[in-house]
Amino acid sequence: MRVLSGIQPTGRFHWGNYFGAIQQYIDLQTEHEGFYFIANLHALTTIRDARELQQLTWDAALDLLALGLDPGKATLFVQSDVPEVSQLTWILMTCTPMGLLERCHAYKEKKARGITADAGLFTYPVLMSADILAYDANWVPVGQDQVQHIEVCRDLATSFNHHYGEAFVLPEARLLSDAAKVPGTDGEKMSKSYNNTLAVFEDSKPGRKRIMRIQTDSRPMEEPKDPESDHLFQLFRLFGSEQAIQEMADMYRQGGFGYGQVKQALADAAEAYFAPARDRRAGLAQHPDTVRDILRAGAKRARETAAEVLDRVEQACGISAPRNAG
Ligand code: ADP
Ligand code: TRP
C-alpha cells in the first residue's frame, strides 16, 4: 500500500502532533511505502512572514527526521518542491463544484466567525486532493478533522474518472488512532490554536516550567482521585513505563500526594523519552547539507511519480497531445 500524509509547518510540533500523527506515520513506514511531506503551500494560508515560513519548514524537516522518519524507508519532501501538484490543482479546480467547497469546515468556520477568507483557504481541499492524487496514494492517515477533505478528494477523483476515464487511484482515509488525543496544559485538546501546547523540542528549563504550570484542580492532597479523569495522568501515561503508570495510578487512588510530585515525574519521563530524538536533532542541525540532500532526494522521487500521474491526467483531459499523435 502506498501511504501518504502531509503536515503543515504552522508551528513547532507539540506532544499532540507527535502522539496523534507523527509517531503513527513512523510506525507505518516499516510495512508500507510512505510518502510524507511538509505542507508549506497549505501553510501559506496562515503564515504570512517569509522568513518564519522558511524557518518552520526547515524545523519540521529536522524534527521529523530526528523523531524517526527514515528517508531510507519513506520519502520525505517539501510540498512546494513538486510543482506538478500545483498544476494538477488547476485541473482539479475545473471539475470542482463551488457547493462542495462551500460545505468544507475550514472555510465555513472562518466565514461564520466573520473572517474574510481568501481563495487559497476556499480551495484548500483541492490542493489537498492534488497532494494525494498526484502520488497514486492508497491510504491517507489523518485526524478526524481531515476526513471531510479526503471525501472531497474521492469525489473529485471519481467525477474526473467518470468523465475522462480511469486516471486517478481512489484513496482511502485511515483514521489516526483517537486513543492518543493528547490534552493540553489546560486539560482541553492540545492545539496551537488554544495556546496550551507542550513542544517536543523545547529546552529543558522552559519545558519543565510549562509542565509545572499545567492547570490542576484544588482538591486536598489527602483525597483519593480517579486517574482516568485527570489530564496530568493522561499526559504521564504517554511516557511512563507500564510499571510506572501502574504505580502512578495506585498513588492517585490512594490519595495523599501533591500534583507537584506528578508534574516532576512527568517532566522527567518526557525528558527521558525525547532525549534520543533531541540528540539526533542536534546532530542533524550540525549537518544542514545532509538534510538538504535528503529533501532533494525525496522531492526527486516524489516528482517522478507526480510527473507520471500528471502526464496521464493531461492526456485524459486533452491538454497534452497523446503520445502517439503525429
Ligand atoms: P494543531 O491543532 O496544533 O493546529 P494540527 O491541526 O496542525 O495541530 O495537527 C497536525 C496533526 O496532529 C493532525 O494529524 C492532528 O490530528 C494531530 N493532532 C494535533 N493535536 C492533537 C492532539 N491534541 N491529540 C492528538 N492528535 C493531535
Ligand atoms: N490539511 C492537512 C492538515 O492540516 C495537511 C495536509 C495537506 C494533508 N495535504 C495533505 C494531509 C494531504 C493528508 C494528505 O492536517
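All values derive from a computational prediction rather than experimental measurement. Whatever order the structure lists them in is the order used to number ligands and atoms, beginning at 1.
Under 4.0 Å from ligand 1, not a single heavy atom of Val142 appears. Looking at Gln144 against ligand 1, nothing comes within 4.0 Å, counting heavy atoms.
Between the choices Ser191, Pro183, Gly16, the shortest heavy-atom distance to atom 18 (N) of ligand 1 belongs to Gly16. Relative to atom 13 (C) of ligand 1, the option among Ala21, Pro141, Gly20, Ser5 with the closest non-hydrogen atom is Ala21.
For the pair Pro9 and Ala39, the tightest heavy-atom approach, listed with the atom from each and the gap, is CD-O, 3.3 Å. The two residues Glu84 and Leu310 make their nearest non-hydrogen contact at CG-CD2, 3.8 Å.
When each of Arg301, Glu33, Gln29 is paired with Thr75, the side chain to side chain donor-acceptor pair (under 3.5 Å) condition holds for Arg301 and for no other.
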Carefully, step by step, assess Phe13 and Tyr25 under the rule ring pair (Phe, Tyr, Trp, His ring centres under 6.0 Å).
-> CA-CA 14 Å; Phe13 295 138; Tyr25 300 160; 9.5 Å; no
Applying ring pair (Phe, Tyr, Trp, His ring centres under 6.0 Å), run through Tyr18 and Phe201 and close with a yes or a no.
-> CA-CA 11 Å; Tyr18 177 70; Phe201 294 104; 8.9 Å; no
What donor-acceptor contacts under 3.5 angstrom involve side-chain atoms of residues 112-121, with partners at least two apart or in another chain?
from	atom 1	to	atom 2	distance (Å)
Asp118	OD1	Gly120	N	3.1
Asp118	OD1	Leu121	N	2.8
Asp118	OD2	Arg48	NH2	2.9

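A salt bridge links Arg174 with Glu172; the closest basic N to acidic carboxylate O contact falls under 4.0 Å. For the pair Glu271 and Arg278, the salt-bridge criterion is not met [side-chain N within less than 4.0 Å of a carboxylate O]. A salt bridge links Glu228 with Arg237: at least one charged nitrogen is closer than 4.0 Å to a carboxylate oxygen.
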What does the contact table look like for ligand 2 (nitrogen or oxygen on each side, cut-off under 3.5 Å)?
from	atom 1	to	atom 2	distance (Å)
ligand 2	1 (N)	Tyr124	OH	2.7
ligand 2	1 (N)	Gln146	OE1	3.1
ligand 2	4 (O)	Gln8	NE2	3.0
ligand 2	4 (O)	Tyr124	OH	3.1
ligand 2	4 (O)	Gln146	NE2	3.4
ligand 2	9 (N)	Asp131	OD2	2.8

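Backbone and side-chain nitrogen or oxygen atoms of Val182 are examined, and one is located within less than 3.5 angstrom of a nitrogen or oxygen of ligand 1. For ligand 1, the polar-atom distance check finds an N/O of Lys192 within less than 3.5 Å of one of the ligand's N/O atoms. Ligand 1 has no nitrogen or oxygen under 3.5 angstrom from a nitrogen or oxygen of Tyr25. Remark: ligand 1 and His14 share an N or O pair separated by less than 3.5 Å (distance only, no angle test).
Ligand-side atoms of ligand 1 in range of Leu176: 14 (O), range being under 4.0 angstrom from any heavy atom. When each atom of ligand 1 is checked for a heavy atom of Lys181 under 4.0 Å away, the hits are 24 (N), 25 (C). Each of the atoms 20 (N), 21 (C), 22 (C), 23 (N) of ligand 1 lies under 4.0 Å from some heavy atom of Met190.
Residue contacts with ligand 1: Gln8 is excluded, as none of its non-hydrogen atoms falls under 4.0 Å.
No donor-acceptor pair closer than 3.5 Å links the side chain of Asn40 to the backbone N or O of Leu53.
Relative ring orientation between Phe37 and Tyr135 is described as tilted, the plane-to-plane angle lying within the 30° to 60° band.
Side-chain contact, Glu242 with Gln246: no donor N or O sits under 3.5 Å from an acceptor N or O.
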